[in-house]
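So the structure is just underneath, and the comments pick up after that.
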Amino acid sequence: MKVLRSPKIFQALMDRERGRARTLGFVPTMGALHEGHASLVRRAKKENDLAAVSIFVNPLQFGPKEDFSRYPRTLAADMAVLRKAGADYLFVPKAEDFYPQGFQTSVRVGREGVSGLTRGLCASARPGHFEGVATVVTKLLNLSKAHRAYFGAKDFQQAALIERLVEDLSLDIQIRVCPTVREADGLAMSSRNRYLNSEERSRALALPRALSALKRALEEGRPLGKTLRSARRSLEAGADRVDYLEIVDPGTLEPLKRPRALMTAAAACRFGKTRLIDNVSIRISQTRRK
Ligand code: PAF
């Protein structure tokens with residue numbers, strides 16, 4: 001695996017690989033890698049000749065009171081994960097090279113008067129977060145020159161926003177959203193799980209449990225409003241704070257009042273100081289919609 005620090009050299013190398021008619025899969029990450037990331041790299045490698053990964057803890061997507069400075073930085077362990085998963089290139093830029101002095105461009109998804117992907121759900125608790133994500137991802141995709149880029153479905157709102165921006169800006173890359181990888185007990189893998197102490201770790205199961213109970217009940221034809229209220233109560237009993245638990249349209253992310261054939265239940269809540277997110281897809285047949 002070749003490790004590159006300079007954005008210009010990374011872009012030139014990727015350009016050279018493309019010129020040799022090699023297909024490139026790209027996995028942007030912030031490091032602290034786990035099996036979820038490894039699964040993205042394996043898929044990138046399976047669907048392309050080469051897999052490139054970036055590790056960059058993007059300051060633009062953290063609010064002033066968030067965990068930017070304590071976000072885990074575990075480069076040596078990450079490199080071992082990436083070698084095992086078959087990555088060919090690792091791009092690890094320094095912030096000052098990635099956002100050099102004078103950098104002042106921002107990418108914002110969502111317009112006044114157009115229902116926004118960046119209005120509800122995580123956007124309410126994390127102002128500015130998605131603008132930071134859209135900006136870094138646009139720049140990373142441009143640098144990577146990749147044919148395909150891979151993102152996890154756990155970051156459901158992020159994935160919807162990236163699909164939108166790639167479409168809206170006609171970026172020449174295919175976005176693949178890959179299934180959430182879970183621990184054996186159901187907790188979605190996340191770099192932030194390592195912040196949890198053992199008491200918080202066991203309470204954190206309230207999150208996947210509330211979502212799967214919600215999915216089961218709606219797929220059995222129970223009414224949406226009542227089912228959602230009861231799932232919220234059970235999540236509130238386990239979490240220290242619930243930022244949201246919503247059933248939304250997976251395309252527009254608008255909250256739903258009546259069931260549809262395809263919906264997403266998404267939640268964010270805190271256990272101690274750790275904020276976790278998760279979501280599940282729900283499919284129901286016409287006869288069961290109430
Ligand atoms: O999902 C992440 O790890 C980050 O938001 C991403 C996409 C790498 C952008 O910094």
Side-chain angles (χ1 to χ4, degrees), residues 108-131 133-134 151-168 175-182 186-188 190 204-271 275-290:
R108 185 161 69 89
V109 178
R111 268 193 303 137
E112 223 38 63
V114 179
S115 67
L117 296 177
T118 49
R119 225 176 26 201
L121 306 179
C122 286
S124 314
R126 305 191 70 189
H129 169 69
F130 287 117
E131 202 164 320
V133 170
F151 295 87
K154 182 177 73 69
D155 296 302
F156 150 79
Q157 188 170 14
Q158 166 174 286
L161 162 132
I162 291 166
E163 286 179 320
R164 185 77 254 168
L165 93 78
V166 164
E167 170 84 22
D168 288 353
I175 301 300
R176 299 271 200 265
V177 181
C178 307
T180 301
V181 178
R182 295 181 183 278
L187 186 69
S190 163
L205 290 179
L207 177 56
R209 284 181 183 154
L211 289 171
S212 46
L214 190 51
K215 175 179 166 73
R216 210 174 319 115
L218 291 176
E219 289 181 347
E220 279 167 4
R222 306 259 173 79
L224 190 147
K226 209 169 148 193
T227 311
L228 184 56
R229 283 194 294 279
S230 124
R232 274 205 192 110
R233 277 196 299 275
S234 72
L235 189 52
E236 277 159 7
D240 291 309
R241 192 171 110 193
V242 176
D243 282 356
Y244 63 83
L245 169 59
E246 300 276 6
I247 311 249
V248 298
D249 177 298
T252 63
L253 311 196
E254 294 296 334
L256 296 175
K257 293 215 164 59
R258 300 178 64 79
R260 301 251 181 93
L262 190 58
M263 305 176 280
T264 299
C269 54
R270 298 181 196 239
F271 300 92
R275 184 175 186 275
L276 300 182
I277 59 172
D278 197 358
N279 68 85
V280 291
S281 289
I282 301 170
R283 277 171 202 279
I284 49 179
S285 62
Q286 183 122 34
T287 47
R288 291 199 147 162
R289 279 181 235 166
K290 277 186 203 151

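Starting from 1, each residue takes its place in the sequence as its number. Since this is a predicted model, take the numbers as computed values, not measurements.
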(request) Applying side chain to side chain contact (heavy atoms under 4.5 Å, CB included), run through Asp243 and Cys269 and close with a yes or a no. (result) CA-CA 5 Å; Asp243 282 356; Cys269 54; 6.0 Å; no
(request) Flag the pair Leu211 / Lys215 as yes when at least one side-chain heavy-atom distance between them is below 4.5 Å, and no otherwise. (result) no
(message) Measuring from atom SG of Cys122 to atom CG of Leu253, what distance do you get when rounded to the nearest 0.5 angstrom?
(response) 10.0 Å
(message) Rounded to the nearest 0.5 Å, what separates atom NZ in Lys257 from atom CD1 in Ile247?
(response) 12.5 Å
(request) Would you give the length of the straight line joining atom OG of Ser234 to atom CG of Leu245, rounded to the nearest 0.5 angstrom? (result) 8.0 Å
(request) Evaluate the criterion side chain to side chain contact (heavy atoms under 4.5 Å, CB included) for residue pair Met263 and Val248; output intermediate values, then yes/no. (result) CA-CA 6 Å; Met263 305 176 280; Val248 298; over 6 Å; no
(message) I'd like to know if the side chain of Gln157 reaches the main chain of Phe130, judged simply by a donor and an acceptor atom lying under 3.5 Å from each other, with no hydrogens or angles considered.
(response) no
(message) Regarding Glu220 and Arg216, does a basic nitrogen lie under 4.0 Å from an acidic carboxylate oxygen?
(response) no
(request) Could you tell me which non-hydrogen atom of Val177 sits nearest to which non-hydrogen atom of Gly152, and how far apart they are? (result) CG1-C, 4.2 Å
(request) Decide side chain to side chain contact (heavy atoms under 4.5 Å, CB included) for Thr264 and Ile282; before the verdict, give the C-alpha distance in whole Å, the side-chain angles of both, and the deciding distance to 0.1 Å. (result) CA-CA 6 Å; Thr264 299; Ile282 301 170; over 6 Å; no
(request) Could you give me the CA-CA distance, side-chain angles and deciding distance for Val133 and His129, then say whether side chain to side chain contact (heavy atoms under 4.5 Å, CB included) is met? (result) CA-CA 6 Å; Val133 170; His129 169 69; 3.7 Å; yes
(message) Check Arg126 with Glu131, please: is the shortest side-chain N to carboxylate O separation under 4.0 Å?
(response) no
(request) Heavy atoms only: give me the nearest Thr118-Gly110 pair and the separation to one decimal. (result) OG1-CA, 4.2 Å
(message) For Gly238 versus Ala206, what's the shortest heavy-atom pair and its separation?
(response) CA-CB, 4.0 Å
(message) Within the structure provided, determine whether Thr227 and Leu214 are in side-chain contact (heavy-atom separation under 4.5 Å).
(response) yes
(request) Rounded to the nearest 0.5 Å, what's the gap from CD1 on Ile175 to CZ on Phe151? Could you check? (result) 5.0 Å
(request) Provide the closest heavy-atom pair for Leu218 versus Leu224 in the form atom of the first, atom of the second, distance. (result) CD2-CA, 3.7 Å
(message) Under 4.0 Å between a side-chain nitrogen and a carboxylate oxygen: does that hold for Asp249 and Arg260?
(response) yes
(message) Please list all pairs meeting salt bridge (Lys or Arg N to Asp or Glu O under 4.0 Å) that have one or both residues in residues 158-168, counting only residues at least two apart or in different chains.
(response) Arg164-Asp168
(request) Taking the side chain as every heavy atom from C-beta outward, state whether Phe156 and Asp278 have any atom pair closer than 4.5 Å. (result) no
(request) Run the salt-bridge test on Arg275 and Asp240 with the 4.0 Å N-O cut-off and return the result as yes or no. (result) no
(message) As an exercise, state the distance from CZ of Arg182 to OG of Ser190, rounded to the nearest 0.5 Å.
(response) 11.5 Å
(request) To the nearest 0.5 angstrom, please state how far the CG atom of Leu117 sits from the CD atom of Gln158. (result) 12.5 Å
(message) Can you confirm whether Ile277 sits close enough to Lys154 that some side-chain heavy atom of one is under 4.5 Å from a side-chain heavy atom of the other?
(response) yes
